[in-house]
Every structure is written in C-alpha cells, then in structure tokens.
Amino acid sequence: MAFQSPKGTYDILPGSPFLAVRDGLLAPSVRAGYAYVEAPVFEDTELFSRGVGASTDVVTKEMFTFPERGLTLRPEGTAGVVRAVVEHGLQRGQLPVKLRYAGPMFRAERPQAGRFRQFQQVGIEALGVTDPALDAEVVALAADAFTGLGLTGVRLLLTSLGDPACRPAYREELGAFLAGLDLDDATRARAALNPLRVLDDKRPEVQALLVDAPLMVDRLCPQCTAHHEGVLEGLAALGVAFEPAPRLVRGLDYYMRTTFEFVHDGLGAQSAVGGGGRYDGLSEAIGGPPLPGIGWALGIERTVLALEAEGVSVAPEAGPAVFVVPLGAAAKAWAVAFVGALRTAGVATDLAYGDRGLKGAMKAADRSGARWAVVVGDRDLEADVAQLKDLTSGEQTAVPLSELLEQLL
Ligand code: AMP
C-alpha cells in the first residue's frame with residue numbers, strides 16, 4: 001500500500017497560496033522593522049513546560065515529546081524566540097528587540113477542519129520595552145496582515161488580563177464566585193487549576209451561569225488601567241477597530257495585560273486565525289533576566305481558509321516568463337544554452353524537456369503560464385532566427401538570434 005501523510009499533516013503542493021500568504025502576513029511587520037529569526041523546531045522539553053505553562057492543554061496533552069532525549073517539537077514559537085534572545089543577549093542591544101519568524105508548530109490535537117498536528121504560523125515579538133504604544137503597534141501589525149491580504153471579515157477581540165499586582169486577588173474572587181455555582185466535575189477541576197479558563201467555556205448553559213461573574217477589566221490596578229487606556233488610544237490613532245472581550249482567555253499561561261485574538265466567522269468551530277499578548281514574566285520563567293515582551297502568532301492554514309471563505313484569491317508563486325521550445329537536436333543544444341543565458345540575465349525561463357514534438361511542447365508552454373514562447377527548429381537555426389510567440393495574443397514573429405535576448409529583456 002502506498003504511504004499517505006500522517007494524520008493531522010498535509011502537503012503544500014504546487015499552485016498553493018501558502019508562500020504568498022505567509023509572506024503577505026509578515027509584510028507589514030517587515031516594514032515596521034521586525035528582523036527575521038529562526039529557532040530550532042525542537043527544544044528542551046522544560047523550555048515549553050516552563051515557558052508555555054504546565055497547566056495548559058498544550059503542555060499537558062498535546063506535546064510531541066521524545067522523553068529519552070528530553071526534547072519536544074515546538075508547539076508554539078514564542079518560548080524558543082525568547083530563549084534565543086536571552087541566550088545571545090540581544091536585549092543588551094537596542095530596545096525594543098523586534099523579531100519575526102515563520103515555521104511549523106506541532107501539537108498532538110484531534111485533527112479536524114482548520115486543526116492540524118503540524119501547522120504553520122507566522123509571528124512577531126517585541127521585547128525589552130513596556131510601552132502601550134508598542135502594544136498598539138504589535139496589534140495593528142496583525143490587523144494590517146489580514147487586511148493586506150484582502151480579508152474584510154477578521155474581527156479583533158481585545159482585553160487586559162491584569163498583572164501580578166491585581167490578578168491574584170481577582171483570581172481568588174472569581175474562584176469564590178465559581179465555587180458557588182452548580183458546575184460539573186470536569187469544570188470544577190478546570191476552575192481549581194485556573195479559574196479564568198472557565199470564563200472561556202463555550203457551552204451556553206455554562207455561559208448563562210457566568211453572566212454575573214466578576215471580570216478582570218473591572219478589577220485592574222491603576223498601572224494596568226493606565227496601560228490598557230494607552231493601548232486603546234494607540235489603536236484609535238492607528239485606526240484599528242476592536243471588540244472588548246472581557247472573558248477572553250488564551251491557551252497559553254504566560255499572558256498578562258494586553259491580550260487579544262483575531263477571529264473569522266467563516267471558519268466554523270476553529271474560528272481563531274491568530275492571537276497574542278503581553279508576556280512580561282516569560283523570560284524569568286525560563287531563567288532569563290526581566291524582559292517584558294509582546295507578540296502574536298497567526299495561523300497560515302486558517303488564514304487560507306478565511307481567504308477561501310471570503311472568495312479572495314491570492315496569486316500563487318509566479319511561473320516562468322519565457323518558455324523555450326526546441327524542435328530537433330541542434331535546436332535543443334542551442335536552447336539549453338539560451339535558457340541558461342536568460343536565467344543568468346534574471347529572466348524566469350523554462351524549457352520543453354523530453355523532445356515531445358511541437359503540439360505537446362506548446363501545451364506545456366501554455367500550462368507554464370509564461371507570457372512568451374520561443375520556438376526554434378533546426379531550420380530556424382540555420383537561418384539564425386527563432387520564432388517568438390506572444391502566448392496571450394497568439395502573435396508570432398521571427399526574431400534574429402542575435403537580438404532575441406535583448407528583446408526578451
Ligand atoms: P496559539 O499559539 O494557540 O495562540 O495559536 C495562534 C494561531 O495559530 C491560532 O489562532 C490558529 O490560527 C493557529 N493554530 C493554533 N493551533 C492550530 C492547529 N492545531 N492547527 C492549525 N492552526 C492552529
């Protein structure tokens with residue numbers, strides 16, 4: 001039996017919008033000075049248990065771990081990037097350190113539409129500065145990423161999760177509130193681990209019990225209030241619309257203050273196309289110096305699904321501009337050299353390989369998407385010409401070989 005790609009994985013095939021979407025999502029961040037970094041796809045397991053949070057589903061249930069080696073395939077990008085920043089002391093240079101990344105992440109989730117075990121994210125991180133204007137920049141760059149691709153249906157949900165000064169008291173208050181509710185055992189267990197997680201419960205009957213639950217945004221300390229107001233001002237200045245989401249809780253433990261998620265309503269159950277937030281305690285959690293940070297990760301597959309849902313097409317990778325069709329042995333020898341010269345001159349060029357005759361070769365030329373076909377027979381060569389065919393208009397002219405390269409350039 002032939003092999004198939006493992007459950008929860010997929011192949012990116014020719015014609016896929018993948019690269020265009022990946023690069024399009026990061027384009028606004030490139031313009032804003034976020035430099036490219038790439039960390040390994042596996043790290044010490046403890047980096048994730050400490051950096052992502054031991055109470056999270058990601059760490060407790062979904063990690064691809066090699067226990068005998070103490071290594072885990074990265075389930076997300078932030079922990080590795082912060083590890084790299086600290087390891088190389090980038091925080092001793094200019095602040096904020098602004099970084100962007102792209103690559104595969106691995107989570108052993110139950111596969112379904114828009115949920116894979118190997119999936120691709122792009123992300124940015126801005127480290128070393130606590131400035132609400134920077135939070136606003138980071139959020140705006142994600143909003144721009146989606147609109148830049150032509151999406152109009154992405155909504156931004158945003159809140160503040162407080163900080164170590166105000167969250168503990170709120171957490172206790174919420175815990176006490178939840179203790180007074182008639183909740184099932186599994187939900188009680190979640191509440192014991194992290195009461196904030198219960199707020200995010202999608203079941204309507206649970207949400208009905210939570211209408212009077214205390215909310216973090218109403219319990220922020222003065223510093224967090226000022227920071228949050230600064231973020232909202234920054235977003236207004238940048239023209240970024242958002243919906244207050246006081247019950248938003250994210251799947252990773254390290255978020256504080258600014259926390260956000262981007263959702264798209266055309267995706268069914270897996271509606272989140274991206275998310276992020278501020279994670280000022282993360283560096284210390286993984287043994288680094290105090291290093292505030294904020295960032296996001298956007299899912300490429302779900303962005304592609306959102307584009308499909310909105311009927312927005314993204315141009316796949318461009319093919320060759322010129323397609324050369326040799327007919328006969330002498331013409332083939334000339335064509336191989338000519339294609340090499342065109343490519344060296346910077347023109348994307350392909351050649352009809354396999355000596356299949358004119359009809360098959362012209363079909364290949366059409367399929368290639370090239371604008372120009374160069375058709376040469378042995379008799380053309382003797383006359384020192386090639387037939388240059390405009391594949392859009394069908395017009396064909398004989399061009400002297402000595403002028404052909406110049407003309408195509
Ligand atoms: P997270 O790292 O959980 O905040 O996820 C950020 C984004 O990555 C989500 O909004 C999704 O778009 C995407 N994502 C997360 N998990 C998966 C998955 N299992 N399959 C596909 N995309 C995912």
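Each ligand, and each atom within it, is numbered from 1 in the order the structure gives. Scope of the values below: all heavy atoms of this structure, side chains included, with no hydrogens, waters or symmetry mates.
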Hey, are Arg190 and Asp57 close enough for a salt bridge, meaning a charged N less than 4.0 Å from a carboxylate O?
-> no
Does the separation of the ring centres of Phe146 and Phe262 fall below 6.0 angstrom?
-> yes
Is Arg107 close to ligand 1, meaning an N/O of one under 3.5 Å from an N/O of the other?
-> yes
From the list Glu43, Glu125, Glu46, salt bridge (Lys or Arg N to Asp or Glu O under 4.0 Å) with Arg83 holds only for Glu43
Looking at Ala272, which atoms of ligand 1 are within less than 4.0 Å of one of its heavy atoms?
-> 9 (C), 10 (O), 11 (C), 12 (O)
Determine whether Ile300 and Thr303 make a side-chain contact, defined as any pair of heavy atoms from C-beta on separated by less than 4.5 Å.
-> no
Qualifying ring pair (Phe, Tyr, Trp, His ring centres under 6.0 Å) pairs, either residue in residues 7-64, two or more places apart = Tyr10-Phe116
Using heavy atoms and a threshold below 4.0 Å, how should the contact between Met105 and ligand 1 be classified: side chain, backbone, both, or neither?
-> neither
Sequence neighbours excluded, which residues qualify as side-chain contact (heavy atoms from CB on, under 4.5 Å) partners of Leu193?
-> Ser55
What do you reckon, does Phe119 have a nitrogen or oxygen under 3.5 Å from a nitrogen or oxygen of ligand 1?
-> no
What atoms of ligand 1 come within less than 4.0 Å of a heavy atom belonging to Ala297?
-> 6 (C), 7 (C)
Taking distance alone, with no angle check, do Leu298 and ligand 1 share an N/O pair under 3.5 Å?
-> no
Taking only heavy atoms of Gly114 into account, list the atoms of ligand 1 that are under 4.0 Å away from them.
-> 20 (N), 21 (C), 22 (N)
Do Gln121 and ligand 1 have an N or O pair less than 3.5 Å apart?
-> yes
Nearest option to atom 10 (O) of ligand 1, as decided by whichever heavy atom of Ala306, Gly274, Gly299 sits closest = Gly274
What do you reckon, does Tyr255 have a nitrogen or oxygen under 3.5 Å from a nitrogen or oxygen of ligand 1?
-> no
Asp355 bridged to Lys332 by N-O distance under 4.0 Å = yes
For Val273, the atoms of ligand 1 under 4.0 Å from one of its heavy atoms are 10 (O), 12 (O)
Do the charged groups of Arg155 and Asp265 touch, with an N to O distance under 4.0 Å?
-> yes
